[in-house]
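Inspection log for the structure reproduced underneath, given as structure tokens.
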2 protein chains.
Amino acid sequence: MNNFIWYNPTRIIFGKDAHKSVGEEVVKYSKNILLHYGGKSIRAAGTYEAVTKSLTEAGVRYTELGGVKPNPRLSLVYQGIGLCRKEKIDFILAVGGGSVIDSAKAIAVGACYEGDVWDFYEKGIRPEKALKTGVVLTIPAAGSESSDGSVITKEDTQDKCSCCTEWMYPQFAILNPELCYTLPEHQIRAGGADILSHIMERYFVPNKNTDLSDRLCEGAMRALMENLPRVLRERENYDAWAEVMWTGNVAHNGLLGKGREEDWASHGIEHELSGIYDIAHGAGLAIVFPAWMKYVYRKHPERFVQFAERVFGIRGEEKDTDEVCLTAIGALEIFFHEIGLSTRLRDVGIGRENFDVMAEKACRNGKLGSFMSLTKEDVREIYEIAW
Amino acid sequence: MNNFIWYNPTRIIFGKDAHKSVGEEVVKYSKNILLHYGGKSIRAAGTYEAVTKSLTEAGVRYTELGGVKPNPRLSLVYQGIGLCRKEKIDFILAVGGGSVIDSAKAIAVGACYEGDVWDFYEKGIRPEKALKTGVVLTIPAAGSESSDGSVITKEDTQDKCSCCTEWMYPQFAILNPELCYTLPEHQIRAGGADILSHIMERYFVPNKNTDLSDRLCEGAMRALMENLPRVLRERENYDAWAEVMWTGNVAHNGLLGKGREEDWASHGIEHELSGIYDIAHGAGLAIVFPAWMKYVYRKHPERFVQFAERVFGIRGEEKDTDEVCLTAIGALEIFFHEIGLSTRLRDVGIGRENFDVMAEKACRNGKLGSFMSLTKEDVREIYEIAW
């Protein structure tokens with residue numbers, strides 16, 4: 001096991017009706033806040049009304065900034081920073097999914113910085129202060145509600161950069177599974193693939209002697225694989241949604257990767273896809289991950305054998321190792337198909353025309369991944385397998 | 001899944017040599033601290049020298065208070081409170097196991113309170129302030145290094161009471177598996193049983209629809225059951241110790257019980273045992289838990305069937321439910337025997353003379369447990385089964 005630090009101070013407030021008392025939570029920090037959201041998810045299920053009612057009842061003044069889009073934009077972050085300064089705001093409440101939360105985090109560090117907030121994302125300058133943030137989560141997927149990271153896109157150059165700092169942990173995140181009932185099907189699918197990928201990026205590592213975290217990862221994968229199909233069939237199944245939402249949080253709160261060298265190559269390879277094509281991050285991951293697996297499994301086949309046995313119940317004793325590994329990868333593809341996702345680029349209308357460019361960009365900061373260290377030639381090959 | 005709040009702000013600093021830079025961590029909070037410890041564990045493995053050297057190098061002045069004993073005493077807590085006031089101390093560093101940490105937490109809340117610190121433990125008064133604390137853990141068992149609770153014994157009345165408050169979360173806990181190499185065998189055994197019991201108290205619950213936390217509990221139990229025998233065989237096996245120490249922390253940081261009604265009857269039943277007899281808490285749990293299981297399993301046999309299948313790999317298809325449950329309980333007893341613990345009171349020289357008194361005391365605040373609600377008559381029966 002590698003040395004590690006485990007720290008996550010975000011308070012998770014989980015359960016029915018939880019968002020209806022968000023005002024009581026916010027007022028512990030501020031009476032003058034920015035209410036930040038996207039468009040659709042806050043309007044669904046009466047969330048906007050419930051949140052603003054609770055804020056008003058708690059005596060919290062809120063300035064609204066909506067309009068966050070998937071792959072949240074730097075220009076809106078600038079706008080938020082300006083609003084916070086003008087209105088002397090010291091707390092940001094993000095109501096939405098990962099994009100809204102990431103945008104709120106960027107505004108939070110940017111509002112306390114004299115320079116350009118993009119410095120934190122592009123130049124790796126470390127924030128030394130931030131406004132506090134809170135979250136009402138409406139889409140279980142990104143795990144940003146209790147992570148220390150944020151990903152922002154600069155529109156003019158299409159650069160997508162991330163920033164990680166303890167200043168970005170939200171003070172609290174409210175998770176009410178009922179808010180998921182109205183999610184469109186494509187978001188449930190892509191969100192599920194994103195959650196599963198967060199676990200797999202932490203699971204497929206070169207480390208030995210990671211018994212506990214292996215088993216926690218395997219347990220989280222099984223819980224997700226059992227409950228995601230259930231919420232697709234029964235859109236108002238509270239118990240199944242509670243499992244998906246809680247798994248989505250645990251998948252990315254940092255715990256599952258402790259003592260391990262997390263991989264994240266598949267995320268890097270996918271980012272280039274969704275940077276060019278109109279495909280949701282999670283849907284892209286369902287295509288990239290199996291292709292990555294087929295390319296790398298021979299590097300540490302024992303890990304894929306364990307994945308086969310413990311996650312899919314594939315008995316490997318009398319089989320060839322290659323066969324066991326490929327059967328497990330096939331089982332993962334079948335799971336993605338079952339929840340309605342494609343596992344080939346050609347099936348979502350993406351051609352081979354940009355493989356070189358994407359491979360080049362994916363490796364612009366060096367090789368990718370820890371399970372196997374990937375060059376741009378490797379990445380190109382993975383796009384081919386994914387095609 | 002029940003509504004819940006998940007919050008744990010303690011920073012876990014895990015790994016080789018971690019305690020050697022404790023001074024750098026402490027100095028973020030204070031330059032004038034109480035160094036609190038027991039006797040043996042801080043003297044072993046050069047821990048005392050390494051910790052005091054690091055404190056001195058960081059410019060931290062430390063006042064020492066050693067002598068914490070198992071079942072930490074209120075009188076020493078009073079002494080610590082006096083020292084903190086006299087020396088204007090604002091931070092307590094606990095170096096030791098659960099008893100030292102619990103004592104430090106009591107001093108931390110007591111030093112900020114004008115009344116008697118025992119009020120928090122006996123009368124349930126809520127602390128509103130506390131000195132900050134940090135931990136160097138030397139015994140993986142109690143999980144107090146990142147819990148919000150403390151248990152203190154008042155010597156004159158032999159009352160053992162607990163207090164839980166967010167003020168008691170340590171700021172940091174340093175976990176270096178190397179510090180476990182010199183632990184005496186009986187502490188390893190009892191510590192292991194304590195860790196396993198912390199998981200089982202959270203696992204055996206009446207709730208349905210707890211997929212993720214079930215699987216996290218099962219994974220943690222398996223990781224512990226695989227690695228505890230290894231550290232008993234190979235006392236300097238870093239990797240196995242790392243699993244035991246990390247599992248000990250995760251077992252009691254609160255995560256595994258989220259969304260569930262935790263039980264804790266076995267802990268209550270055991271407390272009366274170790275209150276009267278000279279038996280370690282963990283060793284007592286190894287006796288009480290199987291007896292509790294035999295008495296209650298018919299209440300929710302499906303949970304024991306799941307335990308049998310997922311933790312011990314017992315296939316239940318063609319067997320009678322009772323048989324599957326009892327086989328699993330037997331497998332747990334065999335595990336305890338394998339690590340050198342008895343599972344019967346008679347085998348540790350405890351007679352039946354105090355069963356009535358202990359059952360009465362165990363239920364002095366009402367019935368015990370959530371899996372099955374136990375009266376004093378039930379508790380007495382469990383002592384009988386344990387005999």
Side-chain angles (χ1 to χ4, degrees), chain A residues 1-18 146 166 169 171-173 175-177 207-227 230 237-251 253 255-256 258-259 310, chain B residues 1-18 146 166 169 171-173 175-177 207-227 230 237-251 253 255-256 258-259 310:
Chain A
M1 198 187 296
N2 295 359
N3 289 4
F4 66 84
I5 289 175
W6 160 237
Y7 172 67
N8 192 318
T10 302
R11 183 184 303 268
I12 304 295
I13 301 164
F14 192 103
K16 285 183 184 165
D17 290 331
S146 62
E166 289 188 0
Y169 283 118
Q171 301 300 304
F172 64 82
L175 278 61
N176 176 357
N207 310 73
K208 314 282 180 203
N209 302 305
T210 50
D211 290 358
L212 176 63
S213 48
D214 278 4
R215 292 196 179 273
L216 298 181
C217 287
E218 288 150 3
M221 286 191 267
R222 293 195 69 152
L224 185 83
M225 287 184 183
E226 276 165 29
N227 287 286
R230 287 169 68 196
N237 182 330
Y238 181 86
D239 292 314
W241 267 121
E243 296 296 332
V244 170
M245 204 170 205
W246 184 215
T247 306
N249 184 261
V250 171
N253 72 2
L255 180 77
L256 301 185
K258 291 301 147 190
R310 296 194 190 166
Chain B
M1 198 186 296
N2 295 358
N3 288 5
F4 67 83
I5 290 177
W6 159 236
Y7 171 67
N8 192 318
T10 302
R11 182 184 303 270
I12 304 295
I13 303 165
F14 192 104
K16 285 183 183 166
D17 289 332
S146 62
E166 290 189 359
Y169 282 118
Q171 302 299 305
F172 64 82
L175 279 60
N176 176 356
N207 310 73
K208 315 281 179 202
N209 302 305
T210 50
D211 291 358
L212 176 63
S213 48
D214 278 3
R215 292 197 179 274
L216 298 181
C217 287
E218 289 150 2
M221 287 191 266
R222 293 195 69 151
L224 185 83
M225 287 184 184
E226 276 166 27
N227 287 285
R230 286 169 68 197
N237 182 330
Y238 181 86
D239 291 314
W241 267 121
E243 296 296 332
V244 171
M245 204 170 205
W246 185 215
T247 305
N249 184 261
V250 171
N253 71 3
L255 180 76
L256 301 186
K258 291 301 146 192
R310 296 193 188 167

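Residue numbers start from 1 in every chain, and the chains themselves are labelled A, B, ... in the order their sequence lines are given, proteins ahead of strands.
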Next item on the list: Determine the minimum heavy-atom distance between A:G15 and B:N3, stating which atoms define it.
Entry: CA-OD1, 3.1 Å
Next item on the list: Rounded to the nearest 0.5 Å, what's the gap from CH2 on A:W6 to CG on B:L175? Could you check?
Entry: 14.0 Å
Check: Between A:E218 and B:R222, is there a side-chain N and carboxylate O pair less than 4.0 Å apart?
Finding: no
Notebook entry, point to check: Is B:E226 close to A:R215 at the side-chain level, that is, under 4.5 Å between some pair of heavy atoms?
Noted result: yes
Notebook entry, point to check: When rounded to the nearest 0.5 angstrom, what distance separates CD1 in B:I12 from CD1 in A:I5?
Noted result: 10.5 Å
Next item on the list: Could you list the residues that satisfy side chain to side chain contact (heavy atoms under 4.5 Å, CB included) with A:N209, not counting sequence neighbours?
Entry: B:R230, B:D239
Notebook entry, point to check: When rounded to the nearest 0.5 angstrom, what is the spacing between CG in A:L216 and CG in B:L256?
Noted result: 7.5 Å
Check: For the candidates B:N2, B:N176, B:T210, which exhibits the highest count of non-hydrogen atom pairs separated by less than 4.5 Å from chain A?
Finding: B:T210
Check: Which distance, rounded to the nearest 0.5 Å, do you find between the NZ of A:K258 and the CG of B:N249?
Finding: 12.5 Å
Check: Taking atom CE of A:M1 and atom CH2 of B:W246, what is their separation to the nearest 0.5 Å?
Finding: 8.0 Å
Next item on the list: Please state whether the side chain, the backbone, both or neither of B:N237 comes within less than 4.5 Å of a heavy atom of chain A.
Entry: neither
Notebook entry, point to check: If you round to the nearest 0.5 Å, how far is CG of A:L212 from OG1 of B:T247?
Noted result: 4.0 Å
Item checked: Part of A:S146 within contact of chain B (heavy atom distance under 4.5 Å) -> neither
Check: Using non-hydrogen atoms only, which part of B:D17 is less than 4.5 Å away from chain A: side chain, backbone, both, or neither?
Finding: neither
Item checked: Partners meeting ring-ring contact (aromatic ring centres under 6.0 Å, His included) with B:Y238 (sequence neighbours left out) -> none
